[in-house]
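Data block below; observations after.
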Protein chains: 2
Amino acid sequence: MLALPSSQRSSPRRVASRRKTLALVITEHLRQEIVTGVREPGSKISEPTIAAAHDVSRAPVRESLRQLEREGLVVFDAVGRSRVVQLTNDDVEDICGIRASLESTAAGHAARRFHAAIEQTLRSNVAEMEEATTLDEVSQLDLAFHAAIMEASGRRRLITAWRAIEPQLRLWLGTLQRLREAISADVLAATLAAHRDLIDVLASGDATAARKAVEVHIASWVCESGGSP
Amino acid sequence: MLALPSSQRSSPRRVASRRKTLALVITEHLRQEIVTGVREPGSKISEPTIAAAHDVSRAPVRESLRQLEREGLVVFDAVGRSRVVQLTNDDVEDICGIRASLESTAAGHAARRFHAAIEQTLRSNVAEMEEATTLDEVSQLDLAFHAAIMEASGRRRLITAWRAIEPQLRLWLGTLQRLREAISADVLAATLAAHRDLIDVLASGDATAARKAVEVHIASWVCESGGSP
DNA sequence: CTCCAAGAAACTGTCGACAGTTTGAGCCTC
DNA sequence: GAGGCTCAAACTGTCGACAGTTTCTTGGAG
């Protein structure tokens, strides 16, 4: 079963319900397990089991699973059983395509409303990535960088759509990571360079150039290295 | 309150639970009410009220609302209250952009795997549209035409993403409809022509041309007539 | 007549329970 | 030893209930 901070399983439970619903906590936990591969693609997920593991009723678990379905990490069959999604090569290709489109559109908007605070965020992300050592750290920071650009666009709907596929990207990246060992210095250097360039383009305010730059960056990134299992 | 087929409110209720969950029924009903404007954008939605109206408990209602949230028709505030979404002009613009991107990508795939059954579906849709008289009918058929192209792509992920925004498109189209009265003959003719051309391009198997054609078609369609309230 | 406050009403998040269905396991038959 | 059948275990969909909050209402103070 799943490990959980002991505070939560034996305490009155109603304690931590300030704005942080149980469903949210469980969602995050399950998402983590799926993305990191602790739960294998295709493996079954049973509501009662998870409920018991978290010492809660099935209600919040149900909600979590629906949320994860929306994120594309869990799929339900015709009779309502859920399992961890198994991404196909086609899926990955589609996801990357959608992602590229969303991010390049967002970059266009971001270029138009660029300002110091955003630049600050992006630059410190790059700085952190320079220090990063593990492949996992780099991935996290890379996603964070792209997430920051999405936020910078200020477009509610674009952000929503991007959030809906981001977990799948993480899942896929995680799968790849478990196959490789470390990150090649070349790739890291290229990523850093691309990110720096991107910041400059955004700062220039040239929306068209920003869109193009993002498109190129994403296309050159992992997205066509051909999928998983 | 909401009207409902009387069979459902007084009968044993467990009757119709074959594959059709209550949540599904309620989702469809609410979706209909939202896109048709019966429930106004921004209006509050309370679980107990809807549950009572459908003569069910809150559980399926809850699930329905989450589903509608995923479809972008319902939004939840920080304290968990839900309301009908109010689309902004930016939202509409984003949605149309995402839609164009998804559909043009799908058209590319569809062109490569085009076959008689698909052509049949599309052509009969056009035929129906020629007969259509009301603006509503035309809208329905137009959406169905585009949905058919998405299906024809055979790309799971693209279809999922498209389904996630299609209801919002319907909502927005419905809003527009309620402002205008009838459909202009010009627009209808142009749409029909575009759809016929599209079928030919798909049949030719030229993926690049298909992508382009869809992009142009969508761009020329309602999506830039500038939004709602 | 306006503004604030206490109380009531309405809601959401979560729980435990039950019924009908589906999946699995074990046993019996060839 | 393989295959089919029966029964039990496990699951999902739904229900009604309760507790803690938030929101609306109504009465009172200024």
Side-chain angles (χ1 to χ4, degrees), chain A residues 1-2 4-5 7-30 39 42-70 74-85, chain B residues 1-2 4-5 7-30 39 42-70 74-85:
Chain A
M1 300 292 125
L2 315 176
L4 208 72
S7 66
Q8 190 150 349
R9 57 158 38 94
S10 51
S11 71
R13 172 190 312 141
R14 196 53 48 80
V15 174
S17 84
R18 272 239 172 264
R19 200 92 317 160
K20 203 98 177 171
T21 67
L22 288 179
L24 217 52
V25 174
I26 296 169
T27 302
E28 282 166 16
H29 190 188
L30 285 177
R39 283 182 188 273
S43 61
K44 290 184 220 170
I45 304 177
S46 110
E47 293 174 6
T49 306
I50 295 178
H54 288 251
D55 193 23
V56 300
S57 81
R58 277 175 49 217
V61 174
R62 261 171 101 63
E63 194 163 323
S64 287
L65 291 177
R66 298 298 173 175
Q67 169 65 25
L68 291 170
E69 183 196 17
R70 151 165 43 186
V74 166
V75 294
F76 285 80
D77 64 22
V79 284
R81 255 101 216 240
S82 56
R83 5 179 103 238
V84 177
V85 71
Chain B
M1 299 296 124
L2 315 175
L4 207 70
S7 66
Q8 189 150 353
R9 54 157 41 91
S10 52
S11 69
R13 171 192 312 142
R14 194 55 46 79
V15 174
S17 85
R18 274 239 173 265
R19 199 96 313 159
K20 203 100 176 168
T21 66
L22 289 179
L24 217 51
V25 174
I26 297 170
T27 301
E28 283 166 15
H29 189 188
L30 286 177
R39 283 182 187 273
S43 61
K44 289 185 224 172
I45 303 176
S46 109
E47 293 175 8
T49 305
I50 294 177
H54 288 249
D55 193 23
V56 299
S57 81
R58 276 174 50 217
V61 174
R62 239 158 178 292
E63 194 163 322
S64 287
L65 291 177
R66 298 300 173 176
Q67 169 64 25
L68 291 170
E69 182 196 19
R70 148 166 44 185
V74 166
V75 293
F76 285 81
D77 64 20
V79 283
R81 255 98 213 243
S82 55
R83 358 178 111 244
V84 177
V85 70

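Numbered from 1 within each chain, the chains take letters A, B, ... in sequence-line order. Only a predicted model underlies this, so the values are computations on that prediction, with no experimental measurement involved.
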Legend entry - Whole-Å distance separating the CG atom of B:D55 from the P atom of D:dG16: 8 Å

Legend entry - B:H29 and B:I50, any side-chain heavy atoms less than 4.5 Å apart: no

Inset, instruction - Write down the distance between CD1 (B:I26) and C1' (D:dC15), rounded to a whole number of angstrom. - result: 12 Å

Inset, instruction - Examine C:dG13: is either OP1 or OP2 under 4.0 Å from a nitrogen or oxygen in the side chain of B:R66? Give yes or no. - result: yes

Inset, instruction - Would you tell me if any nitrogen or oxygen in the side chain of B:K44 comes within less than 4.0 Å of OP1 or OP2 on C:dT12? - result: no

Legend entry - Between C:dT12 (P) and B:E63 (CD): distance, integer Å: 16 Å

Inset, instruction - Would you confirm whether A:R58, through its side chain, and A:P48, through its main-chain N or O, come within 3.5 Å as a donor-acceptor pair? - result: no

Legend entry - Per A:T21 side chain, nearest of listed nucleotides D:dT12, C:dT14, D:dC15: C:dT14

Inset, instruction - Please state whether the phosphate of C:dG16, meaning OP1 or OP2, lies under 4.0 angstrom from any side-chain nitrogen or oxygen of A:R58. - result: no

Inset, instruction - Remember a base hit wins even if backbone is also touched, and classify B:E47 as base, sugar-phosphate or nothing at under 4.0 Å, heavy atoms. - result: sugar-phosphate

Inset, instruction - Could you tell me whether the phosphate oxygens of C:dC11, OP1 or OP2, come under 4.0 Å of any side-chain nitrogen or oxygen in B:T49? - result: yes

Legend entry - Sugar-phosphate, base or nothing in reach of A:R83, heavy atoms under 4.0 Å: nothing

Inset, instruction - Provide, to the nearest angstrom, the distance between the CZ atom belonging to B:R62 and the P atom belonging to C:dT12. - result: 8 Å

Inset, instruction - Round to a whole Å and report the spacing from CG of A:L24 to C1' of C:dT14. - result: 15 Å

Legend entry - Distance test, side-chain N/O of A:S57 to OP1/OP2 of C:dT14, below 4.0 Å: no

Legend entry - side-chain contact (heavy atoms from CB on, under 4.5 Å) involving B:A23 - partner list, sequence neighbours excluded: B:T21, B:P60, B:E63, B:S64

Legend entry - Heavy-atom side-chain proximity of A:R62 to B:R62 below 4.5 angstrom: no

Inset, instruction - Specify the residue among B:R81 and A:P60 whose closest nucleotide of DNA chain C lies further upstream toward the 5′ end. - result: B:R81

Inset, instruction - Answer yes or no: does a side-chain N or O of A:S46 lie under 4.0 Å from OP1 or OP2 of D:dC11? - result: yes

Inset, instruction - Return the value, rounded to whole Å, for the distance between atom NE2 of B:H54 and atom P of D:dC15. - result: 12 Å

Inset, instruction - Send over the distance from B:D77 CG to D:dT22 P, rounded to a whole Å. - result: 11 Å

Inset, instruction - Would you check if the side chain of B:S82 reaches a backbone N or O of B:I45 as a donor-acceptor pair within less than 3.5 Å? - result: yes

